[in-house]
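To start, the structure itself, in structure tokens.
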There are 2 protein chains.
Amino acid sequence: MAIQAKTRNEVAFARLRGDILSGRLIPGQKLAFAELCESYGVSVGVIREALSRLVEQGLVHSAPQQGFFVTTISGPDLVYLTQARCEIESLVLAHAIAEGNVEWESLVLASHHRLVNAPLVSPEDPERLSEEWVERHSDFHQTLLLGCENPRLRGIAGQLRDSAELYRRWSVPFDHEGDRDIAGEHALIVEAVLKRDTALATQRLVEHISKTTSLLLESGVVEGAEKR
Amino acid sequence: MAIQAKTRNEVAFARLRGDILSGRLIPGQKLAFAELCESYGVSVGVIREALSRLVEQGLVHSAPQQGFFVTTISGPDLVYLTQARCEIESLVLAHAIAEGNVEWESLVLASHHRLVNAPLVSPEDPERLSEEWVERHSDFHQTLLLGCENPRLRGIAGQLRDSAELYRRWSVPFDHEGDRDIAGEHALIVEAVLKRDTALATQRLVEHISKTTSLLLESGVVEGAEKR
DNA sequence: ATTTGGGACAATTTCGAAATTTAGTTGACC
DNA sequence: GGTCAACTAAATTTCGAAATTGTCCCAAAT
């Protein structure tokens, strides 16, 4: 008896979700059933169910009788998303600083250490962020908010962060203007969090989030991508 | 050729969602396929897809190989949900007051007027809120937040309000302590909103949301319902 | 030259049964 | 008398084809 605790639906959902968040499936791309069925080795019903769940998460868009597509990106949406993230992640981080215990502080330190010791750019393509760094970066920010006791607030913040992952593929690892230090920004956030300085921590988090969006908008790559 | 713009999936989803939000399907209840298929006149695949979407909305819970259930309610969850609603709806209302135009003010007045002219309790059962009032009450609160330009923030607030509908079935229309005036609370919120007094409006909104939760927790009906 | 209609093709949507798994019950054995 | 195993029954999960709908191309008419 093979150990198959997870249903085929769950694995298809997890894999589809991973393919979208990692950028292997790019915004605007059509998600055809025939192709996905063969690729994942399951029937259309399983794929439909997984896609429906992703629609509700905002990662996939469905047009009735027309199919499913990876949610498209756009400049205005990025602005809205960034505003929402700044305000809500600040709120949740404030809760975390107020409610988090020593165990949480340890987790923050640990996840930050893992992030620092990850290569920023991919070995094979120095123009793209490494998958390892993206994974640890996501973990680090999620851990920052883990001190907040309210699971509803944590869930909402995580949902917004997932949506933002759609844009990460287009982020440039190097700031060509030369005046950015991502690692330093993370370190400053950790410092303020451990000092329990809520105002300083939220301010630095907002600047960190805003900076990424500003550079992305200025690069003009979003407008180029949304034409698909 | 019959005009059927909506797929069977969409109608099943909408109807299931309505049945849950209106309390016809109560928290903890099992959602068996055979029953739903006959009731809605569709096959299992359609039901599965609709249920999967509702799972992602937090209205339905799924246990692999075991079926789907209406999300259960609990005291702790109600506390978390209320805290999240207070903080996020305040945030969105502040945006609405800052960004909303005259057209939005008109919508607020209109939806409030419709709410005032709806019967509070059901004609056949004076112990329960009327469906008409619940519908208009939901519309009123949604309209309040409609002035916020950011669709992401509006969506999050609406999502939290939907989750709170699971608890509305257990709300008592009459405050047996006798010191509550729901209609008055709504009027005060409208007044503060039209005066563009952000601090006062958000304060009154928070008190309005908190009051409902307090009465529900004090009544002890939630602990009785979650035992199912 | 543009538009309108028909028709073949491809894709999504829906169905109903087969395959798996879980829950409940009966029986045998310690 | 209690525990465990196997069997039965009911439910979920999965599949693959049928039905429906949208898309595209081409021909005919304005």
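Below, chains carry the letters A, B, ... as their sequence lines are ordered, and counting in each starts from 1.
- A straight line from CD of A/Q66 to P of D/dT23 spans 5 Å, rounded to a whole angstrom.
- Screening residues 99-110 of chain B for side chain to side chain donor-acceptor pair (under 3.5 Å), with sequence neighbours left out, gives B/H95-B/E99, B/E105-B/R196.
- Sequence neighbours left out, the pairs with a member in residues 56-79 of chain B that pass ring pair (Phe, Tyr, Trp, His ring centres under 6.0 Å) are B/F33-B/F68.
- The main-chain N or O of A/V134 is never found under 3.5 Å from a side-chain atom of A/S138 such that the two would form a donor-acceptor pair.
- Atom-to-atom, CG of A/L31 to P of C/dA11 comes out at 14 Å; the value is rounded to the nearest Å.
- Qualifying salt bridge (Lys or Arg N to Asp or Glu O under 4.0 Å) partners for A/D139, counting only residues two or more places apart in sequence or in other chains: none.
- Under the side chain to side chain contact (heavy atoms under 4.5 Å, CB included) criterion, B/E131 pairs with B/R24, sequence neighbours left out.
- Just one of B/T213, B/T82, B/D77 meets the side-chain hydrogen bond (donor to acceptor under 3.5 Å, both in side chains) condition when paired with B/Y167; it is B/D77.
- Take A/E35 and apply the salt bridge (Lys or Arg N to Asp or Glu O under 4.0 Å) test, not counting sequence neighbours, and it matches no residue.
- Scanning for salt bridge (Lys or Arg N to Asp or Glu O under 4.0 Å) contacts around A/E132 gives A/R136, with sequence neighbours left out.
- Taking atom CD1 of A/I47 as the reference point, atom P of D/dT13 lies 16 Å away to the nearest angstrom.
- Counting to the nearest Å, the P atom of D/dT13 and the CD atom of B/Q65 are 6 Å from each other.
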Name the atoms and distances for all side-chain donor-acceptor pairs under 3.5 Å in residues 39-52 of chain A, with sequence neighbours left out.
unit_1: A/Y40; atom_1: OH; unit_2: A/D19; atom_2: OD2; d: 2.7
unit_1: A/R48; atom_1: NE; unit_2: B/E49; atom_2: OE1; d: 2.7
unit_1: A/R48; atom_1: NH2; unit_2: B/E49; atom_2: OE1; d: 3.3
unit_1: A/R48; atom_1: NH2; unit_2: B/E49; atom_2: OE2; d: 2.9
unit_1: A/E49; atom_1: OE1; unit_2: A/N9; atom_2: ND2; d: 2.9
unit_1: A/E49; atom_1: OE1; unit_2: B/R48; atom_2: NE; d: 2.7
unit_1: A/E49; atom_1: OE1; unit_2: B/R48; atom_2: NH2; d: 3.4
unit_1: A/E49; atom_1: OE2; unit_2: A/N9; atom_2: ND2; d: 2.8
unit_1: A/E49; atom_1: OE2; unit_2: B/R48; atom_2: NH2; d: 2.9
unit_1: A/E49; atom_1: OE2; unit_2: B/S52; atom_2: OG; d: 2.9
unit_1: A/S52; atom_1: OG; unit_2: A/R48; atom_2: O; d: 2.9
unit_1: A/S52; atom_1: OG; unit_2: B/E49; atom_2: OE2; d: 2.9

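- Of the residues in residues 48-63 of chain B, those lying under 4.0 Å from DNA chain D by heavy-atom distance are B/R48.
- OP1 and OP2 of D/dT21 both lie 4.0 Å or more from every side-chain N or O belonging to B/K6.
- Regarding A/F33, its CZ atom lies at a distance of 8 Å from the C1' atom of C/dT13, rounded to whole Å.
- In this structure B/E56 satisfies the salt bridge (Lys or Arg N to Asp or Glu O under 4.0 Å) test together with A/R53, sequence neighbours excluded.
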Return the polar atom pairs (N/O with N/O) between nucleotides 15-17 of chain D and the protein under 3.5 Å, or none.
unit_1: D/dC15; atom_1: OP1; unit_2: A/R8; atom_2: NE; d: 2.9
unit_1: D/dC15; atom_1: OP1; unit_2: A/R8; atom_2: NH2; d: 3.1
unit_1: D/dC15; atom_1: OP2; unit_2: A/S43; atom_2: N; d: 3.0
unit_1: D/dC15; atom_1: OP2; unit_2: A/S43; atom_2: OG; d: 3.2

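- If you measure from atom CZ of A/F68 to atom C1' of D/dG22, you get 15 Å, rounded to the nearest angstrom.
- The ring pair (Phe, Tyr, Trp, His ring centres under 6.0 Å) check on B/F140 picks up B/H112, B/H186, with sequence neighbours excluded.
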Please list, pair by pair, any protein nitrogen or oxygen found under 3.5 Å from a nitrogen or oxygen in nucleotides 5-9 of chain C.
none

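- Atoms CG (B/N9) and P (D/dT20) sit 17 Å apart, rounded to a whole Å.
- One atom, CD of B/E10, and another, P of D/dT21, lie 13 Å apart when rounded to the nearest Å.
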